[in-house]
Amino acid sequence: MRRLRYLQAMNEAYHQEMERDEEIFILGEDIRGNLRGETYGLLDRFGPNRVLDTPISEAAFVGFGTGAAMAGMRPIVQFQIATLIYLAFDQLVNNAAKMRLMMGGQVNIPVTYTVMATGARNGLAGQHADNPYPFFLHAGIKTICPSNAYDAKGLLISAIRENDPVGYFAPAGCLSQRGEVPEAPYAIPLGQGQIKREGTDVTVIAVGQMVGEALKVAESMSSEGISVQVWDPRTLLPLDKEGVCSAVAKTGRAVIYDDANRTCGFAAELSSLLVERVYDELVSPIKRVTRADVPIAFSAPLEQAALPSQVGLANAIRSICG
Amino acid sequence: MRRLRYLQAMNEAYHQEMERDEEIFILGEDIRGNLRGETYGLLDRFGPNRVLDTPISEAAFVGFGTGAAMAGMRPIVQFQIATLIYLAFDQLVNNAAKMRLMMGGQVNIPVTYTVMATGARNGLAGQHADNPYPFFLHAGIKTICPSNAYDAKGLLISAIRENDPVGYFAPAGCLSQRGEVPEAPYAIPLGQGQIKREGTDVTVIAVGQMVGEALKVAESMSSEGISVQVWDPRTLLPLDKEGVCSAVAKTGRAVIYDDANRTCGFAAELSSLLVERVYDELVSPIKRVTRADVPIAFSAPLEQAALPSQVGLANAIRSICG
Amino acid sequence: MNIKITPDAAVEMYRTMKLIRRFEEWVTVLVEADEIAGVTHESVGQEAVPVGVCSALRDDDVMTSTHRGHGHIIAKGGAVPYMFSELMGRESGYNKGRGGSMHIADVSLGIYGANGIVTAGMPMACGAAFVFKSRGEDRVAVSFFGDGGVNHGLFHEAMNLAAIWELPAVFICENNQYAITTPIESVVKVPIHTRADSYGMSGESVDGMDVEAVYTATRRAVERARDGGGPSFIECQTYRYVGHYTAERHMKLNYRSEEEIELWRQRDAIEGWAGRLIGQGIWTEDERATVDAAVERELDEAIAIARQAPWPETGSYLDYVYAREYPGFPARGSDL
Amino acid sequence: MNIKITPDAAVEMYRTMKLIRRFEEWVTVLVEADEIAGVTHESVGQEAVPVGVCSALRDDDVMTSTHRGHGHIIAKGGAVPYMFSELMGRESGYNKGRGGSMHIADVSLGIYGANGIVTAGMPMACGAAFVFKSRGEDRVAVSFFGDGGVNHGLFHEAMNLAAIWELPAVFICENNQYAITTPIESVVKVPIHTRADSYGMSGESVDGMDVEAVYTATRRAVERARDGGGPSFIECQTYRYVGHYTAERHMKLNYRSEEEIELWRQRDAIEGWAGRLIGQGIWTEDERATVDAAVERELDEAIAIARQAPWPETGSYLDYVYAREYPGFPARGSDL
Ligand SMILES: Cc1ncc(C[n+]2csc(CCOP(=O)(O)OP(=O)(O)O)c2C)c(N)n1
Ligand SMILES: Cc1ncc(C[n+]2csc(CCOP(=O)(O)OP(=O)(O)O)c2C)c(N)n1
Ligand SMILES: [Mg+2]
Ligand SMILES: [Mg+2]
């Protein structure tokens, strides 16, 4: 089958969905300029009324999306870098996310926020390297983090079709990776995690670009006689609670491998959820291997030290499978 | 001893600290107008150069505080309502909180953010009822949530003296409560939780205005023969990890009673921390009793249903002490 | 453009202003009686603004409102029984009791919601205006906000978006001279309406105590927007006779003087308009009394309806968060 | 006010512009050679702005910078060895390797940091200016930002704060005509400098390719600020000859034409200034060559120093987050 890069898979999803439904339009910074590749060809194909370059006004263009959604269209709002959501935080968590309930269900807010290059690496430094999806989760905003090109397309299509605000986080480390991607449109339902590798001793729950790393660690652990299962939630909210519980119940042990900040992060949520749901099946404490709670320093060795690492994951696995 | 309301305790702390150190000034919306009582008399005593009423420009006045701190002063930045932090979110989590590391330690940012009436009740509805401290915790900002008048004064003094940004969340439900408050200035160190009631069967960890409720539930549970210990973290970051671990190790059971959103909230953090640290001492799963992940509806019965309740806490306790 | 108000329309303007005034006065009573919870911001004194503005709108135009939104909603056609039901937290309220005073909405009437966050509705109005423009509809989106709003970043961003994309939007600043206790002169150095210049947008200031002046200015702006002439900004000079919120009456705030309030009261929009209509012989005192009585009846009936309306079911507290729910979401507060 | 530039000062301006130009060119080389990581935004073409502005400042004045900050930092006195060390991620860098290109700071020189978020430094400059004013010091805070920044809410809020509190602040908009690929004309309808009017602030536009014009305007604004005359806004019309960031040279973007770039190159600030000094007989070609050679040497030495500088200790990755640490904080990524 065709192999596409993650960004190309996103691009194909954009094209196919905008083709399918002319209520969909996209806006953000330098969309037309197509800096990274995921918006390639949109302007030519769909014209300036459906492909909008905004001023540097994140709060306003999020609110603009909300208003356009209330008036019946389906905006895709792109954040050029992940931390830009902070500039629109009120419009996201205190407005778009709450609008439907506050109005007693009068309107839907079908907006997709594509949050590009989350968790950036290699010297992007303090203000450009966050993985801010836990903020969305805590605010109850539907949140997706596809780990490969196939999921990237299928989940983007689902996000765009969802009638609620959805944050779509595209991890920096995945964007140029290739994978098999069918050409015809397909939708991967929200709320369905996936076992990316079967195993019997411990389940590693890995998010986004951590999935690929976890698979590598899983391979190398087999030489130590530890059978590692890797589970990818794919969508963080809705989370496939059944899926993760049964994966962990099977192995009795779990490590969560996540590149967001540790405190009150997604790993904390999963750990406490598993304790509530599968406590009796657990044979060891659940471990979190996350980013340290520090702004990412520019210098490579410090960046490395602050990020979750394969070595750290392997050690965590050993500590409970010993 | 004198009994003061929580707001009066805050007011006394402001006065005493501004008296002690003339580098301290306060700014925010309607500080001079003194809507709630905590800024009473500041304008008269310290004059307009140290008591500033700002335009409705939250992002700018937070950044203003950061710049003033870099230039050597010690601002207190007040948020009139808790959700206003969202409007300054980038300046808080992506600037003030990261500045010190990004500069390699060249500057301190001694700013106190007083976040008023967090977790408001009784029909404040969707946009005014959040308890947003988990956002600060996830961003690594020091965070305090005093549960009574005594702590309110002692922790505010410590917050103001800290050389880092500190978010001070004053729960709506506590503001008019009275307690014994010594007149002389006193500082309660950050990072020290407190057992508010001893017990042997289960430890309830309660935050802010949940502490008082937990104490009531603890009383009533004793008639059922369940001995409930209540632990108040007081400061959420730094958290007294030793304190909470030893409290829970003693009882072997824990319920976290918190009025913030559930997913990726403070309760999730505590639960996963305890599993990592005192797993072998646990005799039952850790339970979270939190707010549901919904915007708070206006109507009283719906508001009640979404908030953590004493009944919910009692049920959770029973479910693991049965 | 010569904009004339027919006698019927003029009387309707009076009626709506009166309805808002008396609605707000009732709200105060009901808050004091603990029949309405939460925080309510009355617009007593400011009635000419929403009425002047909304009289210039069509039913299919839309608007966004503020924390001080009751008047906007009534002026845009909101039905007072549903409003009171909402304020009393009942299932039959506009928002099924989920919204309360700061969020009342009726999308079918083009009311895109009051909003508790200053200026939050401005970019939403831009988004709606964009939809109208890109569909080739001649509808217009109006956004209300206060004098305090003009210092917010979102004001700036939204004004600029509307200007550069030439959106059919009209921005109405209700300058009631204060943001809570903060006088506008202390936080702005220029006449507010001149801010529009910096977006290349038409801006003007009108007497917000004169419903005709507000109507005429809005009408012009709305026509321009419909004709593809882009957005406008109108500052309406007005005043609230009452406190920032209902509770202020029990607080000792001294940010403004009794004399100042009295001066504005003497320019009361409702009395002034009635006087003009009667003075011009279009209307009589008797006719006025009839309208006033009808307003009282309408409110009495609405309150009676609201009082008897059912409360939401407690068990429905997870409803309406999402258009589509998934197992386990929204997460409950305990998982026993 | 008659503002004269002494010959020595004029030569120093040339030297600093040249140093910035060559610094940026070196950065490009080092990025391509993988000696500098991350994202770097060069200011080639814009040198007259930071040099003109900072020549009007005292050492104890402060400034905030942007993602395109190297020039500002050099102009404010930043030492190139520490800058290169920072860009190479070394412990001896200005920020101990923690900041990199987008965060270089030297508080002792009044450099309050480059900033990766557009306009984020503006309110910080206001805060610093407030401190100076309230202490009765005659220091001034300057904030740099791009044309893209003027549409941000924070621009608006900060400009207004400075205006109403009459802060000793000077706002410098480096209008290089684009925000990444977005031409300024597409996102702003008025001449940028006229935005100042809406805050009651003095605003002007100057030729940002003429270091003297920038210097003169800034000098006036700075003197006014020192004398208690409040803030000013200066738009400098300039251009970057290179891409938005280093990587752009390998991308096929077509948001501007070669001809346009060439037109601006013909107005090059460095060549123009050298030509004027030599033309006026103040300077000779030989003297210029001497300065140029010294610049090359300075950079060569700085790079050599940086290349040999030690990396931060991996174990120090939790340092500097807090002024005061507590047991267990900052939280590590695993807790074994
Ligand atoms: C962004 C934001 N900041 C602060 C508040 C708190 N607040 C509520 S109303 C208000 C004053 C608003 O003043 P104005 O815009 O003039 O409207 P008015 O109340 O006079 O109608 C403030 C500060 C808020 N709701 N939103
Ligand atoms: C608030 C914000 N939005 C978006 C970005 C991403 N971004 C980085 S630089 C840039 C363009 C800035 O343009 P301008 O202000 O004109 O400065 P220039 O790059 O031209 O020097 C953008 C959009 C950002 N860093 N901050
Ligand atoms: Mg007002
Ligand atoms: Mg630019």
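Residue numbers begin at 1 in each chain, while the letters A, B, ... track the order of the sequences. Just so it is clear, the model here is predicted, and its values are computed rather than measured.
Between B:Arg288 and C:Asp335 there is no side-chain heavy-atom pair separated by less than 4.5 Å. Counting heavy atoms from C-beta on, the side chains of C:Met102 and B:Gln127 never come closer than 4.5 Å.
Rounding to the nearest 0.5 Å places NZ of C:Lys96 at 12.0 Å from CG of B:Leu302. Annotation: the span from B:Phe298 atom CZ to C:Glu86 atom CD amounts to 7.0 Å, rounded to 0.5 Å.
With a 4.5 angstrom heavy-atom cutoff, C:Leu87 touches chain B only via backbone atoms. The contact between C:Ser316 and chain B is made by backbone and side chain atoms together, counting heavy-atom distances below 4.5 Å. When heavy atoms are compared at a cutoff of 4.5 Å, C:His103 approaches chain B solely by way of its side chain, counted from C-beta outward. Proximity to chain B is limited to the backbone of C:Glu313, based on heavy atoms less than 4.5 angstrom apart.
The candidate from C:Val118, C:Val150, C:Ile117, C:Asn254 with the greatest count of non-hydrogen atom pairs under 4.5 Å with chain B is C:Ile117. Taking C:Ser101, C:Gly149, C:Pro312 one by one and counting their heavy-atom pairs under 4.5 Å with chain B, the maximum is reached by C:Pro312. Between chain B and the options C:Asn115, C:Leu154, C:Leu318, the largest number of non-hydrogen pairs under 4.5 Å is found for C:Asn115. Listed options C:Val321, C:Thr314, C:Ile180, C:Val39 were ranked by heavy-atom pairs under 4.5 angstrom with chain B; first place goes to C:Ile180. Most heavy-atom pairs under 4.5 Å with chain C, from the set B:Gly123, B:Ser309, B:Ser299: that is B:Ser299. Chain C forms the most heavy-atom pairs under 4.5 Å with one residue out of B:Ala297, B:Pro285, B:Ala120, B:Ala59, and that residue is B:Ala297. Contact count against chain C (heavy-atom pairs under 4.5 Å) is highest for B:Leu87 among B:Thr263, B:Asp258, B:Leu87.
Between the side chain of B:Arg262 and the backbone N or O of C:Gly333 there is at least one donor-acceptor pair closer than 3.5 Å.
Scanning residues 41-57 of chain B against chain C with a 4.5 Å heavy-atom cutoff picks out B:Asp53, B:Thr54, B:Pro55, B:Ile56, B:Ser57, ordered by number. For residues 27-34 of chain B, the interface with chain C (any heavy-atom pair closer than 4.5 Å) comprises B:Asp30, B:Gly33, B:Asn34, sorted by residue number.
The number of heavy-atom neighbours closer than 6.0 Å to OH of B:Tyr40, taken from other residues, nucleotides and ligands shown, is 12 or below. Within a 6.0 Å radius of OH in C:Tyr178, other residues, nucleotides and ligands contribute more than 12 heavy atoms.
When every heavy atom of C:Tyr245 is checked against every heavy atom of B:Leu35, the shortest pair comes out as OH-CD1, 3.8 Å.
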